Asks: 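Encoded as structure tokens, here's the structure I'll be asking about.
Nothing here was measured: the structure is a model prediction, and the numbers come from that model.
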Amino acid sequence: MIRDGVMVPAEQGSLKKKTAVSSSWILLDHNGHTTILDVDKYVIMRRVQIHARDLRILDPMLSYPSTILGREKVIVLNLEHIKAIITAEEVLLRDPLDDNVIPIVEQLQRRLVPDNPISKGQGEEDDHPGVRNDIDTGEENEFPFEFRALEVALEAICSFLDARTRELETDTYPALDELTAKISSRNLDRVRKLKSAMTRLTNRVQKVRDELEQLLDDDDDMADLYLSRKLTVASSPVSDSVVPNWFHNSPTIGSKISRTTSRASAATIQEENDVEELEMLLEAYFMQIEGTLNKLTTLREYIDDTEDYINIQLDNYRNQLIQIIIIVMDIYHFCQLELFLSSGTVCLSVYSLVAAIFGMNIPYTWKTEHGYVFKWVVIITGIVCASLFSIITFYARHKGLVGS
């Protein structure tokens, strides 16, 4: 039992549903055994001896970028949904019932157990004297526990982001081709949503890449991740009397101390800044995440090219529309001129009608001694023609046939 918390053993490969998922942790030891822990942050801080500011990085309620921090005895790992604390002998993983975390737990259970050549070589040791030397050499070259756990986390996050990128590519390329074939509001809105999703995914991938690049650029930060080496250096005195008792109680560290005691001089010669092993591990996943980022960059360029093509098409449609508008305006102005000419022709026809009436050879009594009649006929005809022209113009403006 753990004080201030509940510790529930879990079967390998299966996890029981817990109500308080947000405060749940799963502990995996060096043998791959799992234990569900429902504890508060203070119990975790006392167990792994880290500060609250480091544990706050793993809080899912807070937004922290992807981070890999090396502390004195732990590695604090925050990579998207992977929020873990790695020590030299165990891994604490937050939210073990999350759908994205369960496969990581299974991978840790399978890969944290080291290949132990001692169990295989005990029966052959007497017959083959060189077996012991080979076993010791394999133990010295054994991949550290913390690096095996870190490799599982990096592999999981790189595979997760690459899978999201492939899904995005599968949805985006057909949508862009459909938009190119037919420009519509539905296709434009679909591409807009896919572009927003691509931008968010690119930012997530970029954060993981930047964190790995920052680690690779700083040898001191990589040296801080060698937890087993720091424990070995701290427990390397020749006499067992100076070794703390809790080292001997640990099955893995105790065996390492017993072997290290006989090889104390060789352990002290090893340089603490030799980070080639970790550097090769980080470089492999840096190249993988770089490839994922290149896929997203290529996708963005394809989207930008499609946008340029769509803009060219829209500009072409706009130019055609402007040309049509110009033609319509020319026709409209011509119609205005024709309307004015027609109105003037109607007015002149009134004068022609009056002239035709007076030009007929018909005897009228008012033709003689009534010369003033001609003057009034001309005035009245002019007023009628002007009124008729005004009425036609007002009606045309009211109906929108001519401009104001």
Side-chain angles (χ1 to χ4, degrees), residues 10 12-15 17 21-22 24-28 32 34 57-69 75-86 91-112 143 146-173 175 193-216 225 278 280-300 303:
Q12 293 188 5
S14 63
L15 295 172
K17 292 289 183 180
V21 177
S22 60
S24 294
W25 296 76
I26 186 169
L27 185 146
L28 298 97
T34 60
I57 297 175
L58 306 181
D59 192 345
M61 303 301 296
L62 302 177
S63 178
Y64 278 92
S66 297
T67 307
I68 302 176
L69 293 179
I75 298 175
V76 181
L77 196 66
N78 179 28
L79 297 174
E80 295 285 328
H81 54 275
I82 304 176
K83 303 179 184 298
I85 300 175
I86 303 174
V91 178
L92 284 167
L93 194 63
R94 187 157 191 163
D95 297 339
L97 301 180
D98 187 90
D99 293 337
N100 295 322
V101 178
I102 292 177
I104 302 172
V105 174
E106 296 174 354
Q107 286 291 326
L108 288 171
Q109 290 176 328
R110 184 174 60 87
R111 297 172 59 176
L112 285 183
F143 206 47
E146 63 271 18
F147 290 171
R148 295 200 302 272
L150 180 61
E151 182 179 12
V152 172
L154 290 176
E155 181 180 349
I157 192 61
C158 290
S159 301
F160 175 80
L161 294 176
D162 188 67
R164 300 289 84 75
T165 301
R166 289 197 301 270
E167 291 177 1
L168 187 61
E169 287 178 332
T170 304
D171 296 335
T172 303
Y173 284 118
K193 293 179 180 178
L194 290 173
K195 186 177 180 180
S196 300
M198 184 204 64
T199 301
R200 293 192 296 268
L201 182 59
T202 301
N203 292 334
R204 295 162 60 187
V205 174
Q206 185 69 45
K207 290 177 182 179
V208 177
R209 178 197 174 278
D210 292 343
E211 182 62 24
L212 292 178
E213 185 179 20
Q214 183 179 356
L215 271 178
L216 288 170
L225 303 183
L278 178 59
M280 289 188 296
L281 173 64
L282 294 178
E283 280 181 352
Y285 292 102
F286 176 80
M287 295 301 296
Q288 183 175 350
I289 201 71
E290 181 76 11
T292 302
L293 186 60
N294 290 336
K295 292 180 182 179
L296 292 172
T297 303
T298 303
L299 183 60
R300 174 177 290 277
I303 292 177

Asks: Could you check if a side-chain atom of M198 sits within less than 4.5 angstrom of a side-chain atom of T172, using non-hydrogen atoms only?
Replies: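 No, every pair of side-chain atoms sits at 4.5 Å or beyond.
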Asks: Look up atom CD1 in I85 and atom CG in L27, then write down how far apart they are to the nearest 0.5 Å.
Replies: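 Going from the CD1 atom of I85 to the CG atom of L27 covers 10.5 Å.
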Asks: Which atom names give the shortest non-hydrogen contact between L225 and E146, and what distance separates them?
Replies: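 For L225 and E146, the tightest heavy-atom pair comes out as O-CG, 3.6 Å.
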Asks: For residues R148 and R111, determine if any side-chain heavy atom of one lies less than 4.5 Å from a side-chain heavy atom of the other.
Replies: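 With C-beta onward as the side chain, the pair stays apart.
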Asks: About how many Å separate CD1 of I303 and OG1 of T298, when rounded to the nearest 0.5 Å?
Replies: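 That separation rounds to 11.0 Å.
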Asks: What is the distance from atom SG of C158 to atom CE of M287, rounded to the nearest 0.5 Å?
Replies: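 Nearest 0.5 Å value for the SG-CE distance: 12.0 Å.
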Asks: Do you know which two heavy atoms are closest between I104 and A156, and how far apart they sit?
Replies: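 The pair with the smallest heavy-atom distance is CG1-CB, 3.7 Å.
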Asks: Kindly give the heavy-atom pair with the smallest separation between P60 and D95, and that separation in Å.
Replies: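 Closest pair (atom of P60, atom of D95, distance): CG-OD2, 4.3 Å.
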Asks: Calculate, to the nearest 0.5 Å, the distance between atoms CG and CD belonging to L278 and E283 respectively.
Replies: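 It is 10.0 Å, given to the nearest 0.5 Å.
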Asks: Run the salt-bridge test on E80 and R164 with the 4.0 Å N-O cut-off and return the result as yes or no.
Replies: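 R164 and E80: not salt-bridged.
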Asks: Are I82 and F160 packed together at the side-chain level, in the sense that at least one heavy-atom pair is separated by less than 4.5 angstrom?
Replies: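 In short, these two side chains do not touch, never coming nearer than 4.5 Å.
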Asks: Where do L28 and V105 come nearest, in terms of heavy atoms and distance?
Replies: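 Scanning both residues, the minimum pair turns out to be CD2-O, 3.9 Å.
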Asks: I'd like to know whether Y173 forms a side-chain contact (heavy atoms from CB on, under 4.5 Å) with L299, so could you lay out the CA-CA distance, the side-chain angles of the two residues, the decisive distance to 0.1 Å, and finally the verdict.
Replies: CA-CA 8 Å; Y173 284 118; L299 183 60; 3.7 Å; yes
Asks: If you measure from CD1 on I157 to CG on N78, what distance do you get to the nearest 0.5 Å?
Replies: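 Between I157 CD1 and N78 CG, I get 9.5 Å after rounding to 0.5 Å.
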Asks: Under the side-chain contact (heavy atoms from CB on, under 4.5 Å) rule, what do I26 and L108 come out as? Steps first, then yes or no, please.
Replies: CA-CA 11 Å; I26 186 169; L108 288 171; over 6 Å; no
Asks: How far does CD of E290 sit from OG1 of T297, to the nearest 0.5 angstrom?
Replies: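 Between atom CD of E290 and atom OG1 of T297 there are 8.0 Å.
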Asks: So, applying side chain to side chain contact (heavy atoms under 4.5 Å, CB included) with K295, which one of V205, L168, T202, D162 is it?
Replies: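 Exactly one pass, corresponding to D162.
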Asks: Does the side chain of L154 come within less than 4.5 Å of L79's, by heavy atoms?
Replies: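 Side chain of L79 against side chain of L154, heavy atoms only: contact under 4.5 Å found.
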Asks: I need the minimum non-hydrogen distance between I68 and E211, along with the two atoms involved.
Replies: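 Here I68 and E211 meet closest at N-OE2, 3.0 Å.
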Asks: Taking C-beta and beyond as the side chain, do E213 and D210 meet within less than 4.5 Å on heavy atoms?
Replies: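 The answer is yes, as the side chains (C-beta and beyond) meet within the 4.5 Å cut-off.
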Asks: If you compare all heavy atoms of L77 against all heavy atoms of I86, which two are closest, and at what distance to 0.1 Å?
Replies: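 Shortest heavy-atom contact: CD2-CD1, 4.2 Å.
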Asks: Please examine the side chains of K83 and I57, heavy atoms only from C-beta on, and report whether any two atoms are closer than 4.5 Å.
Replies: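 A side-chain contact under 4.5 Å is absent here.
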Asks: Side-chain contact, heavy-atom cut-off 4.5 Å: V208 with T292?
Replies: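 No, every pair of side-chain atoms sits at 4.5 Å or beyond.
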Asks: Is any side-chain heavy atom of R204 closer than 4.5 Å to a side-chain heavy atom of S66?
Replies: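 When only atoms from C-beta onward are counted, S66 and R204 do not touch, as no gap falls below 4.5 Å.
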